[in-house]
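Letters A, B, ... mirror the listed sequences (proteins, then strands); counts begin at 1. Owing to the predicted nature of the structure, the values given are computational and were not obtained by experimental measurement.
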Amino acid sequence: MDLLANLNQQQFQAVTAPPGQVLVLAGPGSGKTRVLTRRIAYLIREMGVPAYHILAVTFTNKAAQEMESRVSSLVEGNLEGIWLGTFHAMCARLLHREAQLLPFKSNFVIFDEDDQETLVKQALKELNIDDKLSKPGSILNKISTAKNNLILAEEYPSGNYREEIVSRVYKLYQAKLIKNNAVDFDDLLLWTVKLLAENKDVRDAYSHRFEHVLVDEFQDTNLAQYELLKLLASHHGNIFVVGDEDQSIYRWRGADYRNVLRFEQDYPACRTILLEQNYRSTQTVLDAARAVIDANTHRTPKALFTERGVGEKITLFEANDDRAEADYVVENIFQAIQSRKAKGSDFAVMYRTNAQSRLLEEACMRAGLPYRILGAQRFYGRREVKDMIAYLRLVQNPADELSLGRVINVPTRGIGDKTMEVLRQVARAAGKTPGDVLLELGELREKSPHFARFSNRAGLLLSDFGSLLSKWLKGKETHSVSQVFDAIIKDIRFREYIEDDHEFGESRWENVQELRRQAFEFNEKELSDYLQRLALVSDQDTLPEKQDAPLLLTLHAAKGLEFDTVFIVGLDEGLLPHARSRDEPEEMSEERRLFYVGVTRAKNHLHLVRAEQRTSFGAFEFNRPSQFLDSIPEELISRQGARIARGSKSRLDAYSGWSLPTPSGSNGESHARILEPKYKAGMRVKHESWGEGLVVDVRIQDNEERLDVFFDSVGFKRLLASLAKLEILNKSQ
DNA sequence: AAGGCCCTTCTTTTT
DNA sequence: GAAGGGCCTT
C-alpha cells in the first residue's frame with residue numbers, strides 16, 4: 001500500500017521527516033500508532049534503511065505486538081533483524097548477550113515483585129530491622145525509585161535515619177540479587193545503562209548498529225530509560241519519539257513527563273510536530289476531555305479538534321451504592337445488546353482500582369452477560385502456575401534460592417523450615433549457594449562432606465531432591481523446553497498432587513496445561529527465552545481478543561485503546577482521585593490525567609457513574625462526587641435521574657447530601673443503631689491538644705463516626721468522633 | 001513437619 | 001473481605 005496515503009499534513013511531516021531528532025506530541029486519537037508504524041515502514045522502504053538498523057521501543061508487549069504486525073504488513077514481512085519490543089525485554093536481551101561483562105551470569109533470572117519483597121524481608125531480618133516500623137513495601141519503593149533515577153546502592157544518601165535504613169537494605173538487597181544470579185525489573189534498565197555508559201566498546205557496537213531509534217509513549221519514560229535512549233542514539237543521533245504529556249500516568253513508577261522538555265533541551269535541533277486532529281471521538285467527548293485536562297497547569301496547550309460532529313451528551317448516573325452502580329452499568333450494556341443496537345465488544349468499563357472489578361463481574365454473572373477482564377485475578381499469580389515456574393527457574397539457574405525455597409517442599413517431601421535453615425547455613429559456610437550443596441548431595445549422597453550436617457532422614461530427602469534437580473539440569477542441555485517441563489511434572493507427580501484438591505484440582509491442572517502449551521511454543525528456543533517471556537509478559541498482555549464481550553479494565557490499562565461506549569465507574573472523591581494522592585499536587589494532576597485518559601477512550605458514548613456509598617474494608621463509606629466532575633460543563637451532561645431500586649423500598653430515600661448515612665446495608669437489613677454524623681466536611685473544629693483544624697472527611701464505619709481533620713498545627717489526623725473531644729467552631733458550608 | 005484457625009493488616013495504578 | 005502471619009494442635 002501507499003505509505004503516505006490517508007495522512008493529514010502533520011502526520012505526513014512526521015512520517016517523512018528527515019533523519020535527526022523528532023518529537024511528536026500526539027493528542028489522544030490523533031493517529032500516533034499510525035505515524036509510528038508508517039515511519040518505520042518509510043525508513044525501510046523509502047529511505048533504504050535495513051530493518052537490522054532499527055530499534056523501536058514500547059512499554060507493553062501488547063503495543064509491541066501490535067506495532068510489529070502493522071509494520072510487518074506494510075513492508076511485506078521484511079523485518080529481519082529489527083529490534084522491536086519493550087524497554088525491559090530489550091534490556092534483558094542485551095544483558096543476556098553481554099553478561100560476561102557483568103557481575104552475574106547469562107543464565108540469570110528476573111525476580112518478580114514477590115521475589116523482591118522476599119529479598120527485602122530477608123535483608124531486614126539480617127540487619128535486625130523491625131519490619132513493622134520499616135515496611136518492606138515502602139523500602140522497596142524507595143529502592144525502585146532510586147534505581148529509576150540511576151542511583152546505585154553505594155550512592156544512596158544516608159543523611160537521616162530513614163535514609164540510613166533504606167541505604168543499608170538497598171546494599172544488602174543488591175548483594176542478594178547477585179548471589180541469586182538474578183536481576184529485578186529496575187535492574188534490567190539500570191545495568192544496561194551502566195554497561196553502555198561505562199563500556200565504550202559495547203556502546204559503540206549498539207549505537208552504531210541502531211541508526212534509528214523510535215520510541216512510543218515517550219511521556220512514560222523514567223530517567224533510566226531516557227539515558228538509555230540517549231546512549232543508544234549517541235552515534236547516529238536519529239531519535240524519533242512520540243508521546244503526550246497529558247497521558248502521563250506512570251509517575252509512581254518513576255515516569256517523568258518532563259523528559260519531553262529534557263528532550264527539547266538536549267536536542268535543540270529537534271523538530272517538534274503536534275498532532276491535534278482527533279479521529280476517534282465526538283465533539284462532546286472531546287470538549288469534556290479538554291475541560292478536564294485544562295484544569296492542569298504546566299502543560300503544552302493543544303488545540304484538539306474533530307470533524308466527527310457533536311454526538312450525544314455524556315450521561316452521569318449517581319447510584320445509591322456500589323452494587324447499584326454495577327447493576328446500572330451491566331443493565332445498560334445488556335439492554336443495548338439485547339436490542340441489537342450494539343455488540344458486546346463495543347463496551348468497556350473502566351475503574352481506578354482492580355478491587356472494583358469484583359462487583360462488576362458479579363453483576364455480569366447475575367445478568368448472564370459474558371464479559372472479558374484485563375488483569376485482576378492473574379493467571380501468572382496462581383499458586384500452581386507460580387510453583388511450576390519456580391521449578392523451571394531453578395533448572396535454569398540453581399542459584400535461585402527463592403525458587404528453591406518455594407519448590408523444595410512442593411509437593412510435600414518432608415523438607416521443612418528447619419532443614420532449609422541448615423541447608424542455608426551449610427551453603428554459607430562452604431561459600432556456595434544452597435543449590436550447589438543440594439546438587440552435590442544429589443551426586444554423592446552419604447559420601448558428601450555435607451551429609452553429616454543433616455539428620456540421616458533430612459540428608460536422604462535432600463539427596464533425593466538433589467538428584468532430581470541434577471537430572472533436570474542435564475536434561476535441559478539436550479531436550480526442548482516442553483520436554484523439560486514434562487519431565488518435572490512426571491518426576492514430582494505434579495498432576496496427582498494438584499488433583500488431590502478435589503474442589504479446584506481440575507481447573508488448577510488446566511492452568512498447568514495452559515502453561516505447558518505456552519512452553520511448547522518455545523521449543524525452538526531456550527529455556528531462558530521462555531522464562532524471560534514469563535517474567536516480562538503481564539496479564540495485561542493476555543486479552544482474549546476474539547470474544548465479543550464487554551471489557552472490564554483499569555484506567556491505566558485502558559491507555560491506547562478505544563471503544564464505542566465507555567463507562568467510567570467510581571467517580572467518587574477518594575477513589576478517583578484516589579485518597580492516596582490527596583496531599584500531593586503532582587499526584588492530583590496525575591489522577592486528573594488518568595481520568596482524561598479514560599474519557600478520551602470513548603468514540604461515541606461516555607457514561608460517568610458513581611455511588612453515594614460503597615463498601616471498602618467491608619464497611620460502608622460515604623463519598624462526595626469526584627471533584628473532576630465539576631470540571632465538565634453542565635451543558636455536556638445529561639443526568640440520569642432514576643436510580644435502580646433494589647432490595648427494600650426504603651432504599652429509595654431521597655438524596656440528602658453525601659454525608660448522611662442511610663440505615664440499611666446492601667441487602668436491606670438494618671443496623672442495630674442508626675448513627676447520625678455530628679460533623680461535616682468543611683467545619684472548623686478545635687481539639688484540646690492539637691488546636692484548630694478543618695474537617696476534611698467524615699465516614700461512618702463499624703458504627704463509628706470517623707473523621708479526617710487537617711489541623712493547623714500538626715496536619716492530618718484520623719480520629720474517632722466518640723473519643724476525640726472536639727469543639728465545633730463554625731458550620732461554614 | 002504440617003495443617004488449621006484466628007488475628008491482623010491493608011489496598012492504586014504495573015513493566 | 002482477602003491474604004498473610006503467628007500460634008495452636010496433631
Can you tell me the distance, in whole Å, between the [atom1] atom of [X] and the [atom2] atom of [N]?
X	N	atom1	atom2	answer
A:Glu584	B:dT13	CD	P	19 Å
A:Tyr250	B:dT14	OH	P	6 Å
A:Arg593	B:dT13	CZ	P	18 Å

In whole angstrom, give me the gap between the C1' atoms of C:dG4 and B:dT13.
->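 These two C1' atoms come out 22 Å apart once rounded.
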
Ring of A:Phe59 versus six-membered ring of B:dT15: centres under 5.5 Å and planes under 30°?
->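 A:Phe59 vs B:dT15: stacking no.
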
Just one of A:Asp400, A:Leu95, A:Leu102 clears the side-chain contact (heavy atoms from CB on, under 4.5 Å) bar with A:Phe108, so which one?
->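 So, applying the side-chain contact (heavy atoms from CB on, under 4.5 Å) to A:Phe108 and each of A:Asp400, A:Leu95, A:Leu102, only A:Leu95 qualifies.
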
Of the nucleotides [options], which one has an atom closest to the side chain of [X]?
X	options	result
A:Lys418	B:dA1, B:dT14, B:dT15	B:dA1
A:Arg253	B:dT15, B:dT13, B:dA1	B:dT15
A:Arg457	B:dT14, B:dT15, B:dA1	B:dA1

Taking for each residue the nucleotide of DNA chain B with the nearest heavy atom, is it A:Glu591 or A:Gly416 whose nucleotide lies nearer the 5' end?
->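 So the residue in question is A:Gly416.
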
For A:Glu590 and for A:Asp417, find the nucleotide of DNA chain B with the closest heavy atom, then tell me which residue's nucleotide is more 5'.
->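 With A:Glu590 and A:Asp417 compared, the 5'-side residue is A:Asp417.
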
Which label fits [X] and [Y]: parallel for a plane angle under 30°, tilted from 30 to 60°, or perpendicular past 60°?
X	Y	answer
A:Phe218	A:Phe263	perpendicular
A:Phe87	A:Phe59	tilted
A:Phe185	A:His88	perpendicular

Contact residues, residues 405-414 of chain A to DNA chain B [heavy atom, < 4.0 Å] = A:Asn409, A:Thr412, A:Gly414

Base, sugar-phosphate alone, or nothing: which one does A:Ser581 contact when heavy atoms must sit under 4.0 Å apart?
-> nothing

Donor-acceptor pair, side chain of A:Asp256 and main chain of A:Arg258, under 3.5 angstrom =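 Yes, because the side chain of A:Asp256 sits within donor-acceptor range (under 3.5 Å) of the backbone of A:Arg258.
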
Got a donor-acceptor contact below 3.5 angstrom from the A:Arg610 side chain to the A:Asn623 backbone?
-> yes

Any side-chain N or O of A:Asn354 under 4.0 Å from OP1/OP2 of B:dT14?
-> yes

At under 4.0 Å, does any side-chain N or O of A:Thr554 touch on OP1 or OP2 of B:dT14?
->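 A:Thr554 to B:dT14 OP1/OP2: side-chain N or O found under 4.0 Å.
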
Would you tell me whether [X] and [Y] have side-chain atoms, one donor and one acceptor, within less than 3.5 Å of each other?
X	Y	result
A:Tyr530	A:Glu521	no
A:Glu325	A:Tyr351	no
A:Gln356	A:Thr353	yes
A:Arg262	A:Asn259	yes
A:Gln225	A:Glu227	no
A:Arg251	A:Ser589	no

Check nucleotides 8-11 of chain B for protein N or O atoms closer than 3.5 Å to its own N or O atoms and list the pairs.
{"residue": "B:dC10", "atom": "OP1", "partner": "A:Lys135", "partner atom": "NZ", "Å": "2.7"}
{"residue": "B:dT11", "atom": "O3'", "partner": "A:Arg580", "partner atom": "NH1", "Å": "3.2"}

Chain A on DNA chain C: first and last contacting nucleotide, 5' to 3', under 4.0 Å to a heavy atom?
->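 From 5' to 3', the first and last contacting nucleotides are C:dG1 to C:dG5.
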
